[in-house]
Amino acid sequence: MMSLFTIPNLGGAHLGGWRHPAAYANTVMNLDQAIEVAKLAERGKFDGVFLADGNGVRDMDKPALFAANHPSARPGVFDPVVLMTALATHTTRLGLVSTATTTFDEPFHIARRFASLDHISHGRAGWNLVTASNPGDALNFNHSEFVSREDRYGRAEEFIEVVRGLWDSWAEDAFVQDQGAGQYLDPARVRKLNHQGKYFRVAGPLNVPRTPQGHPVVFMAGQSARGKDLAARQADAMFGAGDSKESCQADYADIKSRMVRLGRNPDTLRFIPGVSIFVAETSGEADDLYGELNELISPALGVAYLSKIVTRDLTEFPVDGPLPEVPDTVIGGSSVRSFVLKMARRENLTIRQTYQRVVPGFGSPVIKGNPAQVADALEDWYAGKACDGFMISNPIMPVALRNVVDLVVPELQRRGLFRKEYDGPTLRDHMGLPKPDNAYFSNTGLAAE
Ligand SMILES: Cc1cc2nc3c(=O)[nH]c(=O)nc-3n(C[C@H](O)[C@H](O)[C@H](O)COP(=O)(O)O)c2cc1C
């Protein structure tokens with residue numbers, strides 16, 4: 001069964017989306033709209049919603065972009081786990097995946113926060129583990145520069161082991177709560193972690209009991225070899241970043257073969273690449289929406305956005321001239337950057353042509369057309385082992401998501417590619433992921449000390 005997630009970005013996943021007459025107005029810190037979007041995704045039987053996140057306001061050095069509601073600038077966003085907790089009380093089945101970084105946080109905090117969300121949502125929590133992509137965030141956490149990739153991954157590798165160890169602190173039946181006998185918990189059914197490593201010293205146990213899913217679902221999205229190896233060892237899902245079906249097929253085969261080399265069953269990780277969907281009743285209407293949104297992007301804004309992606313100020317170059325040379329490597333996340341550069345070089349694109357290609361999907365591949373055409377494309381990717389599902393960006397909210405739910409989902413259901421009803425209550429159930437065993441306790445006794 002295909003998995004479907006969506007990014008509930010209220011301003012839309014297109015630079016012009018928030019300005020369109022059909023878009024939500026007043027989206028800043030708007031909980032009511034976020035609830036409406038979550039309910040919409042649940043009506044569409046989506047596996048879940050997924051919140052990207054950072055720990056700082058970006059793009060202040062690019063005023064044209066900063067002033068124009070660029071989603072990853074994030075000048076006004078809820079803490080994602082706090083928002084997910086609110087959404088949990090307005091939904092019953094929808095998975096709630098939230099990003100949190102191992103670079104600036106502590107394992108105990110993350111283990112506790114996501115375990116709490118898993119309890120509050122009755123088994124619908126997911127954590128997108130990132131090492132952080134914005135170098136500037138480091139300045140909010142007592143650093144004077146970005147932590148090196150080497151250290152970020154060293155920390156992340158130990159971090160996830162500590163978090164999983166903490167999630168295994170308690171046997172499932174530890175909290176006896178026998179009012180008659182006066183026994184609240186069974187002290188034999190809890191275990192200290194006593195972790196001592198290079199980056200962390202954590203005694204444990206966690207002050208949250210074993211959660212409904214055992215462990216919340218862990219997503220990752222790192223694109224470096226080290227990031228992919230960590231995902232192959234530890235992730236339940238990978239948020240993929242390919243520019244085409246073919247690149248996703250290569251990434252899919254790559255991550256699954258890494259898992260096999262590590263002795264892991266490749267079906268225990270779901271590969272979910274991002275796509276941006278423009279769908280309407282007719283392909284003509286979908287084209288019109290695409291054109292209308294692109295009309296809302298001035299060349300100055302398009303160039304500012306592309307400058308950010310390629311990490312070079314392009315304003316001094318003619319917009320109808322070629323994309324100039326840019327350094328090959330940069331600090332921080334760079335997957336969109338590298339495929340944009342490859343595409344521009346391969347196809348000899350001008351600056352204007354490049355930003356026009358990139359803006360509509362914010363770097364994700366665009367799938368556009370009537371419901372059958374969009375379903376054809378999704379089926380083609382899924383059947384062609386380019387993915388196990390999709391992370392859907394919606395260029396204009398809530399219209400684009402509503403169109404996916406009302407037009408594309410029924411078509412996928414008709415084709416037997418997507419659920420008509422949720423089978424089980426948890427996010428693991430939706431994604432077909434096994435519930436992890438407790439490393440320290442079986443349900444019948446203490447397995448290890
Ligand atoms: C599709 C995708 C989504 C990502 N989302 C986030 C995010 O929301 N917040 C963040 O800090 N990093 C995000 N990242 C960054 C990565 O998870 C990772 O930490 C970063 O790319 C550095 O690792 P790498 O060098 O292995 O790619 C994302 C990356 C990709 C490819």
Side-chain angles (χ1 to χ4, degrees), residues 5-9 13 49-59 70-74 77-81 83-84 97-105 110 126-141 143 146-157 159-160 218-244 247-248 250-252 254-255 258 270-276 309 311 328-340 358 361-365 386-387 389-393:
F5 285 85
T6 190
I7 301 178
N9 185 339
V49 285
F50 178 104
L51 283 173
D53 193 49
N55 283 281
V57 174
R58 305 185 192 185
D59 299 334
H70 175 237
S72 81
R74 302 199 180 94
V77 287
F78 290 111
D79 175 282
V81 180
L83 176 58
M84 288 303 193
V97 185
S98 185
T99 296
T101 181
T102 52
T103 299
F104 308 123
D105 221 319
I110 297 252
W127 168 30
N128 178 37
L129 181 164
V130 298
T131 66
S133 55
N134 181 35
D137 291 3
L139 308 183
N140 293 331
F141 297 92
H143 297 277
F146 200 25
V147 186
S148 69
R149 176 183 276 132
E150 181 68 17
D151 256 346
R152 278 184 286 140
Y153 271 111
R155 204 180 141 94
E157 285 154 8
F159 198 115
I160 177 74
V218 175
F219 275 69
M220 293 188 201
Q223 298 295 302
S224 60
R226 194 133 177 214
K228 287 176 176 170
D229 279 339
L230 180 59
R233 270 198 308 280
Q234 290 279 10
D236 299 303
M238 185 149 186
F239 181 177
D243 56 345
S244 61
S247 69
C248 287
D251 287 345
Y252 181 97
D254 179 54
I255 191 70
R258 282 173 202 264
R270 306 280 282 170
F271 182 76
I272 318 275
V275 292
S276 185
I309 295 286
T311 54
D328 266 346
T329 51
V330 287
I331 302 167
S334 60
S335 55
V336 173
R337 177 177 185 277
S338 71
F339 78 63
V340 168
V358 180
F362 275 136
S364 298
C387 65
F390 297 92
M391 183 70 68
I392 297 174
S393 297

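Both ligands and their constituent atoms are indexed starting at 1 by order of listing.
Every atom of ligand 1 with a heavy atom of S224 under 4.0 Å away is listed here by number and element: 24 (P), 25 (O), 26 (O), 27 (O). Against a heavy-atom cut-off of under 4.0 Å, A52 is close to the following atoms of ligand 1: 8 (O). Annotation for ligand 1: atoms under 4.0 Å from non-hydrogen atoms of T99 are 7 (C), 8 (O), 9 (N). Taking a cut-off of under 4.0 Å to the non-hydrogen atoms of R149, the atoms of ligand 1 that pass are 24 (P), 25 (O). Proximity to Y153 (heavy-atom distance under 4.0 Å) selects the following atoms of ligand 1: 23 (O), 24 (P), 26 (O).
Screening F219, F239, F390 for a side-chain contact (heavy atoms from CB on, under 4.5 Å) involving F5 leaves a single residue, F219.
The N/O atoms of D53, backbone and side chain alike, include one that comes under 3.5 Å of an N/O atom in ligand 1. Ligand 1 has an N or O atom lying under 3.5 Å from an N or O atom of T131, backbone or side chain. Geometrically, ligand 1 and N128 share no nitrogen or oxygen pair separated by less than 3.5 Å.
Formation of a donor-acceptor pair under 3.5 Å by the T6 side chain with backbone atoms of I392 is found in this model. The closest donor-acceptor contact from the side chain of R152 to the backbone of V147 lies under 3.5 Å.
Using cut-offs of 30° and 60° on the angle between ring planes, the pair Y252 and F271 is perpendicular. Ring geometry for F141 versus F104: interplanar angle under 30°, hence parallel rather than tilted (30 to 60°). Taking the six-membered ring where the residue is Trp, H70 and F362 present perpendicular rings, their angle passing 60° and hence far from 30°.
Taking both residues in full, the closest heavy atoms of R74 and A52 are given as NH2-CB, 3.4 Å, listed atom of the first, atom of the second, then distance.
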Discussion item. Is there a salt bridge (Lys or Arg N to Asp or Glu O under 4.0 Å) between D254 and R258? Walk through the geometry before answering.
Written reply: CA-CA 6 Å; D254 179 54; R258 282 173 202 264; 3.1 Å; yes
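Under a 4.0 Å heavy-atom criterion, T101 is not in contact with ligand 1. In this structure, G54 falls outside the shell of residues with a heavy atom less than 4.0 angstrom from ligand 1.
Here A221 has heavy atoms under 4.0 Å from ligand 1 in both its backbone and its side chain.
When the heavy atoms of S98, A225, S133 are ranked by distance to atom 15 (C) of ligand 1, first place goes to S133.
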